[in-house]
Number of protein chains: 2
Amino acid sequence: MQQLKRNNMRMTRQRQVILEVLRKNNTHPTADEIYSMVRRRLPRISLGTVYRNLEILTELGEIQTLELSGHQKRFDGNPNKHYHIRCMSCGRVDDVPLAPMAQLENQLYGATVYTIVDHRLEFIGMCPECSRQQQPDKHEAQP
Amino acid sequence: MQQLKRNNMRMTRQRQVILEVLRKNNTHPTADEIYSMVRRRLPRISLGTVYRNLEILTELGEIQTLELSGHQKRFDGNPNKHYHIRCMSCGRVDDVPLAPMAQLENQLYGATVYTIVDHRLEFIGMCPECSRQQQPDKHEAQP
DNA sequence: GTCTCTGCAAAGCATTTGCAACTGC
DNA sequence: GCAGTTGCAAATGCTTTGCAGAGAC
């Protein structure tokens, strides 16, 4: 974490535990889920501190903040670019095994007045657990 | 709007004006922008009514609710599927002239435990106005 | 010893909701 | 005239922020 020094920042115990928890975890937790995980090790930490550090760690490129459409932020200990899928029923988020489409922005070159910088792709679906629950009573009505 | 009857719903003046305002507008306004546009015609309407109707009109398929990553909801009077681009500086949202990739979900078939239903693709960029302002001092430092 | 960081609590902001009165149909 | 809808205001849920004291280096 050479970057901390460069920015006159410190590696506090709180910051470290938050980073460790995220790195060991591939469930894309929300801030309050991270809060309760970290609190097992640091019972006096505050939610504000969790938010502040998640923002800083994102800026340093150590983690990713996932702002999936219309929902609570989630955080990803894997800082590399990849796509996600969200369960429309329970909100669970997983990685998707699809290589980032690096050329996608080029397809729009000259077709928009914007300077394109990046893109976000998010799949919507139903996770196995929720699919199973929906099976018995498909849709809402039943005979 | 045959759908209203089918759902035991009424075409109130408020609902109608909200729909008209959105149909005449391609700027993808936020709820409070719609609120202030509608208030010119219906000064006593409340923000709650605007939200309630935007939700209903979305469910009826008359408009679209855009839940772009990490920002306020925006609303689109065009109910047909299409992608959007958002200015990372001012938040402006425009349509993107790229045909929806109907086959994208198929690429993941068998590669995820989810049942995939849909996808959201959103481009991030800089609109002409903001690009112009950034020109003088590119990035943050200058030689 | 300095200056960043923390815990706490309050504020902020977009959105939702409970309720009595109102109004489409 | 009934049930869906409205305006109002309060509540909600997530996130950010001000501040004085604590702690990293």
Side-chain angles (χ1 to χ4, degrees), chain A residues 1-19 21 28-60 62-75 86 91 93, chain B residues 1-19 21 28-60 62-75 86 91 93:
Chain A
M1 294 241 68
Q2 201 55 35
Q3 314 218 47
L4 287 176
K5 272 184 200 152
R6 224 175 287 144
N7 292 279
N8 287 324
M9 288 175 164
R10 293 161 189 175
M11 180 47 85
T12 61
R13 186 125 182 66
Q14 291 86 337
R15 190 162 294 164
Q16 179 158 10
V17 172
I18 290 170
L19 184 54
V21 157
H28 311 85
T30 60
D32 55 287
E33 285 167 352
I34 294 168
Y35 176 51
S36 70
M37 290 189 281
V38 169
R39 246 198 316 187
R40 291 190 212 123
R41 288 219 250 153
L42 303 175
R44 298 190 51 74
I45 197 173
S46 78
L47 186 55
T49 298
V50 171
Y51 272 106
R52 274 184 289 234
N53 278 300
L54 289 170
E55 192 182 341
I56 288 170
L57 291 168
T58 299
E59 273 165 19
L60 294 177
E62 293 291 324
I63 65 171
Q64 280 188 82
T65 298
L66 309 183
E67 304 185 321
L68 302 184
S69 50
H71 293 268
Q72 218 172 332
K73 286 180 184 174
R74 290 175 175 271
F75 301 88
R86 181 167 53 80
V93 172
Chain B
M1 295 242 68
Q2 201 56 36
Q3 312 218 48
L4 287 175
K5 271 184 200 153
R6 224 175 288 145
N7 291 279
N8 288 324
M9 287 174 164
R10 292 162 190 176
M11 179 47 83
T12 61
R13 186 125 181 64
Q14 291 86 338
R15 190 162 295 165
Q16 179 159 10
V17 172
I18 291 170
L19 184 55
V21 156
H28 311 86
T30 59
D32 54 289
E33 285 166 353
I34 294 168
Y35 176 51
S36 70
M37 291 189 281
V38 169
R39 243 193 326 183
R40 291 189 213 122
R41 288 219 249 154
L42 303 175
R44 297 190 51 75
I45 197 173
S46 78
L47 187 54
T49 297
V50 171
Y51 272 106
R52 274 186 288 232
N53 278 300
L54 289 170
E55 191 181 343
I56 288 171
L57 290 169
T58 298
E59 273 165 20
L60 293 179
E62 292 292 323
I63 65 171
Q64 278 189 81
T65 297
L66 308 183
E67 304 184 322
L68 302 184
S69 51
H71 294 269
Q72 220 173 331
K73 287 181 184 174
R74 288 175 176 271
F75 300 87
R86 182 166 53 81
V93 172

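Here is how names work: the chains are called A, B, and so on, in the same order as the sequence lines, proteins then strands, and each is numbered from 1.
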Going by salt bridge (charged side-chain N to carboxylate O under 4.0 Å, His left out), name the residues that satisfy it together with B:E33, two or more places apart in sequence or in a different chain. none

Once you round to the nearest 0.5 Å, how far does CD1 of A:I34 lie from CZ of A:R74? 10.0 Å

B:L4 atom CG is separated from D:dA3 atom C1', nearest whole Å, by 15 Å

Would you please name every residue forming a side chain to side chain contact (heavy atoms under 4.5 Å, CB included) with A:N8, sequence neighbours left out? none

Hey, can you pull the residues of residues 6-14 of chain A with a non-hydrogen atom under 4.0 angstrom from DNA chain C? A:N8, A:M9, A:R10, A:T12, A:Q14

Could you report the tightest heavy-atom contact between B:A31 and B:V50, atom names first, then the distance? O-CG1, 3.9 Å

Approximate separation, where rounding is to 0.5 Å, of A:I18 CD1 and A:T12 OG1: 7.5 Å

What residues in residues 43-56 of chain A put a non-hydrogen atom under 4.0 Å from any atom of DNA chain C? A:R44, A:I45, A:S46, A:T49, A:R52, A:N53

Rounded to whole Å, please give me the gap between CG in A:L42 and P in D:dA22. 18 Å

Can you measure B:K73 atom NZ to D:dG13 atom C1' for me and round it to whole angstrom units? 13 Å

At how many degrees, to 10°, do the end axes of the helix from C:dG1-D:dC25 to C:dC25-D:dG1 meet when each uses five pairs? 40°

Could you pull out all residues at least two apart from B:R15 that satisfy side chain to side chain donor-acceptor pair (under 3.5 Å)? B:N53

Those residues at least two apart in sequence (or on a different chain) that pass side chain to side chain donor-acceptor pair (under 3.5 Å) with B:R52 are none

DNA chain C: 5'-most and 3'-most nucleotides touching chain B, 4.0 angstrom heavy-atom criterion: C:dA14 to C:dC25

Using whole Å, what does the distance between atom P of nucleotide D:dT5 and atom CD of B:E59 come to? 11 Å

Residue list, side chain to side chain contact (heavy atoms under 4.5 Å, CB included) with B:Q72, at least two apart or on another chain: B:T30, B:D32

Side chain to side chain, B:Q3 and B:E62, heavy atoms closer than 4.5 Å: yes

Which pairs pass side-chain hydrogen bond (donor to acceptor under 3.5 Å, both in side chains) with one or both residues in residues 35-50 of chain A, sequence neighbours excluded? A:E20-A:R41, A:Y35-A:R39, A:S46-A:T49

Approximate separation, where rounding is to 0.5 Å, of B:M9 CE and B:L60 CG: 5.5 Å

The criterion is side chain to side chain contact (heavy atoms under 4.5 Å, CB included); which residues satisfy it with B:E67, sequence neighbours excluded? A:S69, B:T65, B:K73

B:V21: what forms a side chain to side chain contact (heavy atoms under 4.5 Å, CB included) with it, not counting sequence neighbours? B:V17, B:M37, B:V38

